[in-house]
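Before any comments, here is the structure.
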Amino acid sequence: MSSFEKNFRRGIVRSNPTFVLMLGLCPTLAVSTSLDNAIGMTAAFVFVLVASNILISLIHGLVPNKVRIPVFIVIIATLVSIVDLMMQGFVPALSKSLGIYLPLITVNCIVLGRAEAFASKHGVLDSMADALGIGTGFGLAILLLSFIRQLLGTGKLDLFGHHLFTIPGFSENPVSVLMLPMGAFLVVGTLLALFRWMGVTKNE
Amino acid sequence: MNATITVTILSSIGFFAGLMIYVASKVLPKEDESLAEAARVKEFLPGADCGACGYPGCFAYAQAVAHDKQVFAKTPCPILAQDKGGMKKLEDYLGLQAEVIVGKKAVVHCTGGSHSIVEYTGLQTCAAATQLASGFNECPYSCLALGDCVRVCPTGAMSIDQEHHVAVVDWETCIGCGLCVTACPQGLPELIPANTPQYVACNYQAKRDIPGRKRCPDGCIHCHICEKVSEEGAVTWDEKKDLPIFHVTQVDTAIEKCPRHVIRKTVAYEEKELEVVGSAQETG
Amino acid sequence: MNNLFVVFFSMALVNNMILAKFLGLCPFFGVSKKTKSAVSMGIAVLLVMLISSAVTWPIYYYILVPYGVEVMKTVIFILVIASLVQIIEMAIKRTNVTLYNALGIYLPLITTNCAVLGITFINVNQVYSFWEAVFAAGGAGSGFLLVLLIMSGIRERLEFSDTPKAFKGTPIAFITAMLLGLSFLAFKGMV
Amino acid sequence: MNKNKGFWPVIFLTLVVIIAIVALTLTNGITKDKIIQAKKQAVADMLATLFPHMQSFDYDKDSGLYTILAGGEPIGHAFMAKGRGYSGAIDILVGVKPDNKSLQGIKIITQQETPGLGAKIINPSFLDQFKGVGINEVNLSRNGGKIDAITGATISSSAVVEGVKKAIIRELGSQQKGGNS
Amino acid sequence: MNTHVLEVLGLKRPAGVHPPSSKLGAQTAIERAPLPETVTLPLQQHIGAPAKVLVKTGDEVKVGQVIAEAGGFVSAPIHATISGKVKQLPTVASSVTGKAVPGVVIESDGQDEWIELSPADPDKLSPSEIVSRIKGAGIVGMGGATFPSHVKLSPPPEKTINTVIVNGAECEPYITADNRLMIEHPERVLSGLAIVMKALSVKRAFVAIEDNKPQAIAKMREQVSQMKFPGDVNVHVVPRRYPMGAEKTLINTILGKQVPEGGLPMDVGALVHNVATLAAIHDAIVLGKPLVERVISVTGLVKTPKNFLARFGTPASALIDLCGGSDSNADELIFGGPMMGIAQPSFETAIIKGTNCILVKKSDLREEHDCIRCGRCVETCPMGLLPLQFVNLVKHEDYDHLINYHINNCVECGSCAYGCPANIPLVAYIKVGKLELRKLGVK
Amino acid sequence: MDNKPLVLSPSPHLRGRNSIKRDMYLVILALLFPTAGAVYFFGLYVLLMLAVSILSAVLIEYGAKMMRRRPFRMDGSAIVTAILFVLVMPPRSPLWIVVVGSLISIAVAKEMFGGLGHNIFNPALAARAFVTVSFAGALSHWIAPVHSMLADGVTTATPLSESFTYTLSKGELYKALFLGNVSGSAGETSALLILIGGLILIAFRLIKWQVPVFYIGTVALLSWVLGKDPLFQILAGGLFLGAFFMAADYVTTPLTTRGKVIFAVGAGVLVTIIRIYGSMPEGVCYSILLMNAFTPLIDRHVHPRVFGMVKRTKKEVA
């Protein structure tokens, strides 16, 4: 259990995929405009990550070196497609707002990176713990981002159509640039610096 | 029926892709020799080609590492860095661990007791300061304490003792790379075997006395006492510099007898008391 | 012809892959430290984008659509791109080491570059014709190259800057990307 | 057998692809109908905002014209329009009354206009102006039409109007003539 | 005219700066300084190999006696500058490089006893005899660069020199030594020029003087018209602009030719000699006197700025005392002009062949700010370099790339640092950069 | 010759009278002309904006320097940025937006990059672009010149925007644009006053005359080629302000004169393209920001002619 826990915890802070490894930034930045998107993306991402880690840790002994990358990518792509189809079928609105970033999980460096670096060398349980940890780290990062961007960018918080909170006087003139791509860059850059300044992550 | 056809057609795309890779690997000539070492290094890398290390893909990183091992020490692959075992394997392969335990450590031949005779206002680097009148200290051979050595030290073993204005080495972290030796314009640091128990903390060259400049109250007066009281060969004399050279033999009497107390103990010095004193503390 | 130009221009500047679509960020932040590698990377991306757009278009419209299996596009596209890149890399590596060191070493990174898979998806979503798809890829690749080049120039200058410690490296690159994005708003509404 | 030798990698890759395809085909089988239904539902929801009494609709793929039905009777038509906005395309759904003479209303589907300015085109105060307007009266008031532009967002306002105008001519131009003759 | 148009359009850079000229001692006649009690002579007073000592402690020497012979081709012998006894052979800190170099200390016997001189008629000497006499006299470039003169006069056979330029520009503020020399001894300078022209069989010469020295221009013009030269000699008035006196700038201004990077003036067929050097050449040939003294300005915050004819090895303090001592505010002693001169740690430092000025001044220390990229350094650099890039690279210890920015082309004139609003000591950075580059073995 | 230790400093020992402070206060002097115009044309509210802007900018810089443990110097650079920012804003911008602008210009565009001298983008313009995108609604309030200091403005469109129609004759129109008697950003309307300020800058050699000339010249030429009224194009909008005070800014433009000319021509081309084809009515801000981004690349490739390198081909600088 302790190795499970260790592998799980590592991905959350110490090797947080977004703020420490800075991998797989594309979906993180692109869909963090609302909490809904962030949650949907996290769910899809964690599913793909866990499933691919499990599958790859199961078959890694059999895979020939030459076609290792194509094989891994095909497995991941299949899982992504399955999630994509499911989302289209059952939560069409979410699927629409995630757009092409959902299928693009396929080429997310975190997924392939974990498959290569961890799952292809460890057992099923450890791989699962690792995937869950990394997935949680990813989820926390994207939730934090979308929280900030939605709150400051629109002046209010909505979650799945329910209105949660409005900053009085702010929602008339929110910092709407945060909803645009440049806003995401600004928030991530500032957060990264903030984490370093607080000593959560190391300076380069 | 329809499903079968689709599966067949799509699978054939997969088959074709694999076939192309196979054919390509068979038809094309062998890899160039210059890439062989990089190819071996790459075997240790995750192969995710994520680019997070700053190099365009794992093979490029491997090439850089094969070219200069320090690349791996300075910017380890972020994915591999989480995998202790993997790290270890590559470190072993590159022999990085072995390199850290080298048999030499740096010492600084100065006690820092010389005071400034002018007000130096130029660039705060030793290299710049020595271009004007051999530095600003009364002793023209003294440590200027502007930290050129500190800046080049890869492990942070060098530091400036602000009280005495002298560079000091922490032997625990010193890896004996010798960068400080080349960086110092005054030629004060020197690499000595890590088992040398003492060294002379002065570089004053009597044969090159400069009128108007003089040694500090702590400087070696070239009295040869250390040489005389020690057993044969334990202390030799550098005639060019007119300074003693100490070797691995511990010379307690010499340390005691030195009229200037300018012979410093290193961590390799064995004392009756169990307290181990580093040169860093000792220079004070 | 005019339409092709509009597609090219739109993908290069207005809907820039990096600044507007967030695609290919890993190489954007990873390989933009030195101008030399940025240029090589940009060119490599441009080439792979062109080739993969040209290859996936017929696969999509002549195989996937007729058999009604558009859902397979993710798997098939990435398989084709990955194999393609691997073959090209292998070919360059074994025939011309100089070219390999200048360009080829950037190729593996491209497999996991979302910009490449992204452009093929965009081609499909926008229902581009074959030539439109190729021009869109060319535009996207050129835009990628341009932004990478600008960014590398700025980062080389930032090397000499007294940037606050916490901002050194990637954070300041993000802030720069933001200001760059703001200036690229100039092209808004041009197409 | 060595897993790296000979032709085995090719076979292995093919096998993996086959499994992937089969898995996807199975998933597709489960979700196919759902997706089609979901898509249809999305369109229905969209149309229902303009025609609250709608029960079902027909779609003519060639003309892109939706016919909205209630109790089997057409209660209007709808079609998509595209405006060239301040920062990219604006997609507009245009609903017309059954007689094709006046508008039922319009709805902005997608837009990327400047928040706080051009984006005001999604506000009811702007959109409601279109309700009941004759198809020949769709124009900005300064050009003699019935639609008042949003202050400070003339480009966005006229983009919507021009887009709707163009779509009306495209979709209804012939019908109108036919009706008149 | 053309040049002027281009300058206005900003397409041709009017490089350089215009510091206030502050020529305090310009009207003070040259005065012979009394003999010093002891002289300290470093054995390296020139560029190139150090001289090899020939005397030992206790030896009696006469004025003009060789105490150290040239240590190679690019080297010059050193002569005793007073008669007396060799007191000590210590190491001394060079007043130029700061490096510890061997030296000779001579204690005066008060006699000023000269060795036997061997005057000659330059018209009867062959060029090679002239060169060897110049070498024997230990003459080096006295404008400050201290390049051995005989080397300049022995060009390799593939190079032809067709123009001699007499450097009387004296563009550095404060210094008046050359100016006074030209006013008081134009005949010696021009006689030296005639000897050099003969030695190289050159038919064309220019005497370059900055336009702020009307007296010198008039005197030299008068003298030129009176003398017979083996060729065409013209007094060429150049505009006042620092660093006009730098060899390469001067050649470019007069001949319109640029000395190639890393090259010498002889690559464009020119030879530049300082007026003081030419006067010394005249003395060496016509009077047979080796180089033991020179004209030196003592100026700045001294009671009365003066120009002296002083023996080498005289401590600066002796000369300053002759000027009535220094102001109590003064806290900086500089050998040379304020732009390129070298600060000295003590008033006891002795003057050497290249010391044309002793400047006592109040230090002007300013806090260094970050570069604001105003581009003034780029604009003023006479060598067309990017000085701020050197600062960036040196600050980040990226020495490898310095060579790409042509750091070795820098003449360290200080124009960049003079105009820098951020008070960055650019020259200091450049010097460190050059040093580190040499360490890396890049030439 | 007492025992006081001598000062040992590297050459040169003589320094000119240039200083960052002097440069900055001269720029402020030059800026006084367009600023006075802004107050004259748009009322005392502009003065209030200026006060808020300068105060917040200086305070933010002070705070940032404290956080970074760097000495704070009142060198006037924050004031220049603050004034420029107000001059490019609509004359009735809410004060809180002015504060946000100071935050972006000083904290983000300048201090995050390392402070004065290290910023890549012109701080005032970066802030202007930021607030324009963010608070488009609150900033769409343009007013006609008021002339009586305290009157409230009448809402109008800016000269360059599409709905701008003057009933004046051409001559009258040019005159109004030249003197500044039109609506627009606070400090950009009067070409005359900006020209006076600009000439001061040129006289003190703070900017190169080539920059404004090539910038404005390119816009005029290209507008003429593309069939627009060149005189109107150069007088309307913020071209003059941008040309004299922003495109010629030290920090964010190339070092060499040749580089500066390339910068100016590039910016001129961009302005014209943006004005004619883009949806931004005013391209000066973005054109300069875009060229700022290109500045490191220009600097990399455009070097001064190295002395003695005339005949050889340009050497590669890696």
Side-chain angles (χ1 to χ4, degrees), chain C residues 2 5-6 9-10 13-14 16 18-20 32-40 42 102 143 145-191, chain F residues 64-65 67-70 104-105 107-109 111-123 125-134 251-252 267 270-271 273-301 317-318:
Chain C
N2 195 27
F5 175 74
V6 168
F9 188 74
S10 142
L13 297 175
V14 187
N16 187 279
I18 295 166
L19 297 176
S32 64
K33 284 175 193 153
K34 287 269 168 282
T35 306
K36 209 174 142 246
S37 41
V39 172
S40 307
L145 173 64
L146 179 72
V147 174
L148 210 59
L149 188 64
I150 291 177
M151 192 67 179
S152 66
I154 293 177
R155 286 185 81 171
E156 277 187 359
R157 192 176 133 188
L158 284 177
E159 281 286 298
F160 296 133
S161 288
D162 179 32
T163 315
K165 240 191 188 143
F167 277 100
K168 268 229 144 50
T170 322
I172 196 66
F174 270 95
I175 305 288
T176 311
M178 169 196 87
L179 292 171
L180 205 53
L182 275 179
S183 20
F184 264 71
L185 282 183
F187 301 109
K188 208 162 106 171
M190 277 199 193
V191 206
Chain F
K65 291 284 185 201
M67 271 179 78
R68 297 181 52 209
R69 297 194 186 83
R70 293 283 192 284
I104 298 298
S105 61
V108 177
E111 287 304 322
M112 278 188 190
F113 286 86
L116 179 65
H118 300 298
N119 47 311
I120 302 288
F121 295 93
N122 187 309
L125 290 181
R128 143 100 201 214
F130 186 93
V131 295
T132 316
V133 176
S134 252
V251 183
T252 53
L270 281 170
V271 172
I273 290 177
I274 294 169
R275 280 183 176 176
I276 295 177
Y277 300 105
S279 49
M280 300 283 175
E282 173 53 56
V284 174
C285 168
Y286 294 98
S287 73
I288 296 177
L289 281 176
L290 274 170
M291 288 314 289
N292 284 165
F294 278 104
T295 296
L297 292 176
I298 297 175
D299 266 343
R300 212 182 132 88
H301 292 289
V317 176

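Below, chains carry the letters A, B, ... as their sequence lines are ordered, and counting in each starts from 1.
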Open item on the list: Using heavy-atom distances under 4.5 Å, tell me whether C:Met151 contacts chain F through its side chain, its backbone, both, or neither.
Closed with: neither
Open item on the list: Is the shortest side-chain heavy-atom distance between C:Asn16 and C:Phe187 below 4.5 Å?
Closed with: no
Open item on the list: Using modelled atom types and a 3.5 Å cut-off, is there a donor and acceptor pairing between side-chain atoms of F:Thr295 and backbone atoms of F:Asn292?
Closed with: yes
Task: Region of C:Leu158 in contact with chain F, defined by heavy-atom distances below 4.5 Å - done: side chain
- [ ] Look only at the side chain of C:Thr163 and the backbone of C:Lys168, and say whether a donor-acceptor pair between them is shorter than 3.5 Å.
- [x] no
Open item on the list: If the threshold is 4.0 Å, N to carboxylate O, is there a salt bridge linking F:Arg68 and C:Asp162?
Closed with: yes
Open item on the list: Heavy-atom pairs under 4.5 Å with chain C - which of F:Met67, F:Arg70, F:Glu111 has more of them than the others?
Closed with: F:Arg70
Open item on the list: Is C:Leu13 in contact with chain F via its backbone, its side chain, both, or neither, using a 4.5 Å heavy-atom distance?
Closed with: neither
- [ ] Name the option with the most non-hydrogen atom pairs under 4.5 Å to chain C; the candidates are F:Asn119, F:Ile276, F:Leu290.
- [x] F:Leu290
Task: Structural part of F:Ser287 lying under 4.5 Å from a heavy atom of chain C - done: neither
Task: Closest non-hydrogen atom pair between C:Ala166 and C:Pro171, with its separation - done: O-CG, 3.5 Å
Task: Part of C:Thr176 within contact of chain F (heavy atom distance under 4.5 Å) - done: both
Open item on the list: Could you check whether any side-chain heavy atom of F:Phe113 comes within less than 4.5 Å of a side-chain heavy atom of C:Leu179, counting everything from C-beta outward?
Closed with: yes
